[in-house]
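Here the structure comes first, spelled out in structure tokens, and everything after it is commentary.
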Number of protein chains: 4
Amino acid sequence: MAIGRAERQQAVSDHKRGLILEAAREVFTAEGLEGASLRAIALRAGYTPAALYFHFASKEAIYAEVLQGSLASLRRHVDEAVAGALGAEAKLRAAAVAFFHFYAENPRDLDLGFYLFRGGMKPKGLGRERDEALNGFLEAALRPIADAAMELGAPRPEAELLMVDTFAHATGLLLLLHTGRIRMFGASAPERMQAYVDECIGRLVQEQG
Amino acid sequence: MAIGRAERQQAVSDHKRGLILEAAREVFTAEGLEGASLRAIALRAGYTPAALYFHFASKEAIYAEVLQGSLASLRRHVDEAVAGALGAEAKLRAAAVAFFHFYAENPRDLDLGFYLFRGGMKPKGLGRERDEALNGFLEAALRPIADAAMELGAPRPEAELLMVDTFAHATGLLLLLHTGRIRMFGASAPERMQAYVDECIGRLVQEQG
Amino acid sequence: MAIGRAERQQAVSDHKRGLILEAAREVFTAEGLEGASLRAIALRAGYTPAALYFHFASKEAIYAEVLQGSLASLRRHVDEAVAGALGAEAKLRAAAVAFFHFYAENPRDLDLGFYLFRGGMKPKGLGRERDEALNGFLEAALRPIADAAMELGAPRPEAELLMVDTFAHATGLLLLLHTGRIRMFGASAPERMQAYVDECIGRLVQEQG
Amino acid sequence: MAIGRAERQQAVSDHKRGLILEAAREVFTAEGLEGASLRAIALRAGYTPAALYFHFASKEAIYAEVLQGSLASLRRHVDEAVAGALGAEAKLRAAAVAFFHFYAENPRDLDLGFYLFRGGMKPKGLGRERDEALNGFLEAALRPIADAAMELGAPRPEAELLMVDTFAHATGLLLLLHTGRIRMFGASAPERMQAYVDECIGRLVQEQG
DNA sequence: TATGAATGAGTATTCATTCAT
DNA sequence: TATGAATGAATACTCATTCAT
């Protein structure tokens, strides 16, 4: 079945966008967020800086799309972990640990998230629409935690709080991990995460049992 | 009693330093850490950029002093809270909540701390000496938590882990708070902090009792 | 015959480069080498400083090209003089005098060369490649002296020493000339150069004869 | 015999000037001419930059005095060499070689001389008076060459030209030496200087003999 | 005589962005 | 769609010098 010219052009255009985003990811990973200039991204993508403006409105827009990809990856990572787990307890554990693990292994993705959700961004942030989309991705990545908690018998509000708490705890540990602060106290981030999850599950089971 | 010329000059000099640091704080607050330029700080302080170099060796030195002041405030805040609490349990609660509260009320101080602890700084940070001093301040602000836990009967290693966990949890919640993420989930950061501390204390008491 | 777009663009680009280099020459001439700032060059060329970075990688790169042009001129000057001379003796005389004459007439070109050959340049100079190229130009400009000496019967090693000696003598005289020191002693630089060359030729002829 | 207050003050002042000049020399030697800032000189001398302005009118004035000292050293060096030589021929040789040797061993002194006698200096140079003084020193350092030539029988005008020629030749060789250019041609500066002097003496002796 | 404080002009280079082609 | 060229604002920092004290 033949495709029209418009579709073909669209496909080509999408492909190019993808290549630029990939280049951006690489630059972020290699140089960190501060060191990632538009120029560097363009160069790595085989373009002139000016050319990127045909594909993205601004440097910040590129950041935003890279973040979107990052969050999509996170979500996939969590979903796969949950899918491979048997039983509600295992699922909760898997989801929480997968979330932690993703950022523990990919420090730059953590940077990305911080930078964008903070004031790092231009005046008005990313625009409402994109902001909501990003929030959706993030929530979707965390949702399995609440789901599993409900499966374990927690009422919805409590399950959601547990989700938020786990998010917070993981985030805090990740920060301590990536800044070397946790080493300073002689602790291990993954162990602390495990312990926290055990705590939560123990509490849940006890409450419901 | 009259004071000598040297003392007076020293006092004047210190005062000016203080004004510059205050200006720096303001600029950091207004523009964010990345956007804070020496020029901006100088301008706000009513100086030429070059003039700052008489009072501080570099931009990083200014930052270091501002951060040091912030951490000193934090520590004071925690110490005062602990001093006003009766009983080990109350002390633990007071210390943890005071830590959280300080940064909840002063979001920019959180920024200040992050920036140092991330790679934002020049290769080797601010120099070993200052770095260690800053770490010392931070640890001192957290230490009361471990102390109280030990008073409640926890062995030292466990007490230190509790301190780290509390630090992480508070940090995570603060991040969620300041990035608006916690609102998105319909939760309240102070409440979650309270709940976490209750949890910890409950566990401790049960274990020891 | 029509020329392509690419060629035309290249030609335009080359022309602009040339204008910038010309401006740079002028600034070097007017302000001296030390005082020549990128800003000044850009201004004289009718550009913003940043614009120069599109055409040249750095200030040193500009300097390198200006110097290269200078040495190329020198070489051309010498070659033409030699080409117009009949007989080995005349050639030697022509080459030596042309070398001297070029720098006597273009004092700033002498500056240009000195600056490179002193420590004025960044640690490693202009990069090995360019450095060798420049040395090549210089040697090529002096080579005709040795060649002529050999034609007059001098063995190669002796001819090369004569070349070096002539280079040194000319350089010394030029320095005295441009610093006004020679006037102080009531002598004339061109005359001294002539006399030196006569001396050399006399010696050579006597030896071989 | 008691000295007056004025004399004592003068002596103290002179001593301080001397210390500053010594510091300046050291900085020049260590950092080169470009790297020698007033600040650096003041620091090494144990003063504040501002303090130097009580002893010298400007940075350039310091340069000038250091140069004066350098030329005085040169003269002393040459005089001593000549004083130790027996016979006119030996004296000529000694004077020429001593001149060369002084600058071969003290490259920074050569820098100093160049910088000051060129346009490196502020608009109007050093002022007539100082300029003449410096010229006097230089001439005095070279004079023994002419004197010896006259002792060998050369008429004064010829002797003076020989002095100038030797000055030029030495200067040229020194430049080639300190810029590494002479190595590029596989020659040795001291050897070439010796050869040049031999040449001159040979010629003189032959003419007069 | 000396200092501490301050200035204003200066440095090369980088950045995201724009626009004619 | 892409480029080459250009901009203007920004960066931290250094310099010689001045001046009140």
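Order of the sequence lines fixes the chain letters, A, B, ..., with proteins taken first and strands second; residue numbering starts at 1 for each chain. Keep in mind the model is a prediction, meaning the values are calculated, not measured.
- Atom CG of A/Leu43 and atom P of E/dC15 are 11 Å apart (whole Å).
- Picking from E/dT17, F/dT14, F/dT3 the nucleotide with the shortest atom distance to the side chain of B/Ala50 gives F/dT14.
- Summarising the geometry, the separation between CD on C/Gln10 and C1' on F/dT3 is reported as 14 Å, rounded to the nearest angstrom.
- The CG atom of B/Leu52 sits 15 Å away from the C1' atom of E/dG4 (whole-angstrom rounding).
- The residue among C/Thr48 and B/Ala40 whose nearest nucleotide of DNA chain F is located toward the 5' end is C/Thr48.
- The heavy-atom pair separating D/Arg108 from D/Gly32 by the smallest distance is NH1-CA, 3.1 Å.
- If C/Lys16 and B/Lys59 are placed on DNA chain F by their nearest nucleotide, the residue sitting closer to the 5' end is C/Lys16.
- Note: D/Phe28 and D/Tyr63 have perpendicular aromatic rings, judged against thresholds of 30 and 60 degrees for the angle between ring planes.
- Considering CD1 of D/Ile41 and CG of D/Leu52, their distance stands at 7.5 Å, rounded to 0.5 Å.
- Put simply, C/Arg39 has a side-chain N or O that comes within less than 4.0 Å of OP1 or OP2 on E/dT11.
- The side chain of A/Leu38 lies closest to E/dT17 when the candidates are E/dA2, F/dT17, E/dT17.
- Between D/Phe54 atom CZ and F/dA20 atom P the separation is 12 Å, expressed in whole Å.
- If you take CD1 of B/Ile41 and C1' of F/dA10, they are 15 Å apart, rounded to a whole angstrom.
- An OP1 or OP2 oxygen of E/dG4 is reached within less than 4.0 angstrom by no side-chain nitrogen or oxygen of B/His55.
- Of all nucleotides present, only F/dT11 satisfies the Watson-Crick or G-U wobble test against E/dA12, with each distance under 3.5 Å.
- Residues C/Arg25 and C/Asp109 meet the side-chain proximity criterion, which asks for heavy atoms closer than 4.5 Å.
- Residue-to-nucleotide proximity on DNA chain E shows that, of C/Gly35 and B/Pro49, the 5′-proximal contact is made by B/Pro49.
- Among the protein residues, B/Tyr53 comes within range of the nucleic acid bases, having at least one heavy atom under 4.0 Å from a base atom.
- The interatomic distance linking A/Tyr63 (OH) with E/dA16 (C1') rounds to 11 Å, in whole Å.
- The side chain of C/Tyr47 has F/dA6 as its nearest neighbour among E/dT11, F/dC13, F/dA6.
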